[in-house]
Protein chains: 2
Amino acid sequence: MGISERKEREKHEKRRLILDKAMQLFVDEGYENVSIRKIAEKIEYSPATIYLYFSDKDEILGNLQKEGFDKFYDFLSKAESETDPVQRVRKLGRMYIKFGLENPEYYDLMFIARAPMKKYIDGLVWTEADKSFLLLRNTVEYAMEKGAIKQGPSLPVAFGLWSLVHGVVSLVNRQRLSEIKDEELGNLIEKSLDEMISGLVKI
Amino acid sequence: MGISERKEREKHEKRRLILDKAMQLFVDEGYENVSIRKIAEKIEYSPATIYLYFSDKDEILGNLQKEGFDKFYDFLSKAESETDPVQRVRKLGRMYIKFGLENPEYYDLMFIARAPMKKYIDGLVWTEADKSFLLLRNTVEYAMEKGAIKQGPSLPVAFGLWSLVHGVVSLVNRQRLSEIKDEELGNLIEKSLDEMISGLVKI
DNA sequence: TTCTTTTACTGAACAGTGTTTATTTTATAT
DNA sequence: ATATAAAATAAACACTGTTCAGTAAAAGAA
């Protein structure tokens, strides 16, 4: 009998619906306007129903965070097409920033918000994010092996680059660059990134 | 008659009391646990009284943010004692990170939280923060003038350095570095900073 | 001192939040 | 048709920021 299979499928579909509507609320109305009651209204069920599919709000946020990391990784992977080692690092940085600025809500969940991290506190591995960091680290190591950038441990360089691009995205998204005009911002980011990366290049 | 002066003084003292207790709650119990009702309980007045001294919660946060910037600027200014231009940049970076890690609640209000920024949206100047950025920019320009780091526009370099240290602080404070052990973190930060700054040095 | 006016303060309410539990509705099996 | 199991919900609890009518206290005027 396919009833239990259908039920399983329906359960999965409802979880999906909740996540989709929650993300839609995020994108349309911003972080502050995502409440269980609003999600409930969107899916046309009572608020209590949501708790049959997720144990709490943080689990919803955590799932969206994970999906953000997946999208993020897929997006960054495109930088692999670049053959020149330094250009590949540069492109990875540019794509990181592009993703962060074009998907501020995902970026928030992934790297800024406290809520979805509660589940991971005390040693639980954060595998999704690590995948992307490994991509960066491998790109740095590739450039080192090719002799394109100064040799040495890859971790400090990769961490420095990550901090740099994360700093850019979070300062922009949280509106801490009031003195910089919008039309100059793109250029400034580009120049800063080039300046810092060219410092790593072997001469 | 000194009555109105006394009243003025008392009003000021109560504002101060509210801000102090609010900050104390921030530090002791974290961002999530700061509510008007809890502040009210701490100062032993009703919640409604707080609205006689501040128009809303964001104004309280905004005031604490401003005070954070003042402390921050005073703290960073100590880097001026360093005479060597490159060492001065390095020290400024280190002090930035030190402040951010040792005062996570202030740092949050200053550079991460959305709430206190609402007031400044739409062009209102953000002077307190700009002062600190100017300090960084001047330090970079000083190093350029002395021929210690590569010449060129100071803005992209200063912005890059700011993004770097902000990235470090916010990744650490928001617990996005689960794969790095606590005892290795200090060293990693130091190495990353050195790596990036030495890239700017003229050869 | 007494009376009036101004200032300071608060209780109670409103609309919102996340979450839980008892109850009802719906679907399946006999 | 009836008993059982599953799914959905209404209502409540304890919070949140904020407002406003009403009270208590202090100040000024008589």
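Being a predicted model, the structure only gives us computed values, none of them experimental. Chain letters run A, B, ... following the sequence lines, proteins first and then strands; every chain starts at 1.
Residue contacts for A:Y45: at a heavy-atom cut-off of 4.0 Å it reaches the sugar-phosphate backbone alone, with no base atom in range.
Atom pair B:L52:CG and C:dT7:C1' shows a separation of 10 Å (rounding to whole Å applied). We find that CG of A:D56 is positioned 14 Å from C1' of C:dT17, with the value rounded to whole Å. Spacing between atom CD1 of A:I60 and atom C1' of C:dT17 amounts to 14 Å, rounded to whole angstrom units. The distance between atom CZ of A:R9 and atom P of D:dA7, rounded to the nearest whole Å, is 14 Å. Spacing between atom CD1 of B:I43 and atom P of C:dA8 amounts to 14 Å, rounded to whole angstrom units. In this structure, A:F54 places its CZ atom 16 Å from C1' of C:dG18, rounding to the nearest Å. Atom-to-atom, OH of B:Y51 to P of C:dA8 comes out at 19 Å; the value is rounded to the nearest Å. To the nearest angstrom, P of C:dC9 lies 14 Å from CZ of B:R15.
Checked against side-chain hydrogen bond (donor to acceptor under 3.5 Å, both in side chains), A:E13 has no partners two or more places apart in sequence or in another chain. With sequence neighbours excluded, no residue forms a ring pair (Phe, Tyr, Trp, His ring centres under 6.0 Å) with B:Y142. The side-chain hydrogen bond (donor to acceptor under 3.5 Å, both in side chains) check on B:E67 picks up B:R16, with sequence neighbours excluded. Listed by chain and residue number, B:F72, B:Y73, B:L76 satisfy the side-chain contact (heavy atoms from CB on, under 4.5 Å) test with B:S132 (two or more places apart in sequence, or in another chain). Shown here are the side-chain hydrogen bond (donor to acceptor under 3.5 Å, both in side chains) partners of B:E195, two or more places apart in sequence or in another chain: there are none. Under the side-chain hydrogen bond (donor to acceptor under 3.5 Å, both in side chains) criterion, A:R176 pairs with no residue at all, not counting sequence neighbours. Not counting sequence neighbours, the partners of A:Y45 by the side-chain contact (heavy atoms from CB on, under 4.5 Å) test are A:K14, A:I43, A:T49.
Distances shorter than 4.0 Å separate some side-chain N or O of A:Y53 from OP1 or OP2 on D:dA8. OP1 or OP2 of C:dC9 has at least one side-chain nitrogen or oxygen of B:K14 nearer than 4.0 Å. For D:dA26, the OP1/OP2 oxygens have no side-chain nitrogen or oxygen of B:R6 closer than 4.0 Å. Phosphate contact (OP1/OP2 of C:dT10, side-chain N/O of B:T49, threshold under 4.0 Å): present.
Considering only the side chain of A:K11, D:dA7 comes nearest among C:dT17, D:dA7, C:dT20. In the set C:dT19, C:dG11, D:dT16, C:dG11 carries the atom at the smallest distance from any side-chain atom of B:S46.
Over its length, the helix from C:dT2-D:dA29 to C:dT30-D:dA1 turns its helix axis by 30°, as judged from the five terminal pairs at each end, rounded to 10°.
Side chain of A:K57 to main chain of A:V34: a donor-acceptor pair is present (N/O by atom type, distance under 3.5 Å, no hydrogens or angles).
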Interface polar pairs with nucleotides 21-26 of chain C, N/O, under 3.5 angstrom:
none

Check step by step if side-chain contact (heavy atoms from CB on, under 4.5 Å) holds for B:L193 and B:V165.
-> CA-CA 8 Å; B:L193 196 60; B:V165 289; 3.9 Å; yes
Ignoring hydrogens and angles, write down the donor-acceptor pairs under 3.5 Å from the side chains of residues 93-113 of chain A, residues two or more places apart or on other chains.
unit_1: A:R94; atom_1: NH1; unit_2: A:E190; atom_2: OE2; d: 2.6
unit_1: A:Y96; atom_1: OH; unit_2: A:Y107; atom_2: OH; d: 2.7
unit_1: A:Y96; atom_1: OH; unit_2: A:W162; atom_2: NE1; d: 3.1
unit_1: A:K98; atom_1: NZ; unit_2: A:E102; atom_2: OE2; d: 2.8
unit_1: A:N103; atom_1: ND2; unit_2: A:F99; atom_2: O; d: 3.1
unit_1: A:Y107; atom_1: OH; unit_2: A:H166; atom_2: ND1; d: 2.6
unit_1: A:D108; atom_1: OD1; unit_2: A:R174; atom_2: NH2; d: 3.0
unit_1: A:D108; atom_1: OD2; unit_2: A:R174; atom_2: NH2; d: 2.4
unit_1: A:D108; atom_1: OD2; unit_2: B:R114; atom_2: NH2; d: 2.9

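Between A:I50 and A:R37, the one whose closest nucleotide on DNA chain D sits nearer the 5' end is A:I50.
Annotation for A:E29: atom CD counts as buried by contact number, over 12 foreign heavy atoms lying within 6.0 Å.
Residues in residues 78-92 of chain A take part in these side-chain hydrogen bond (donor to acceptor under 3.5 Å, both in side chains) pairs, two or more places apart or across chains: A:R90-A:D194.
Contacts between residues 21-36 of chain A and DNA chain C, defined by a heavy-atom separation under 4.0 Å, are made by A:V34, A:S35, A:I36.
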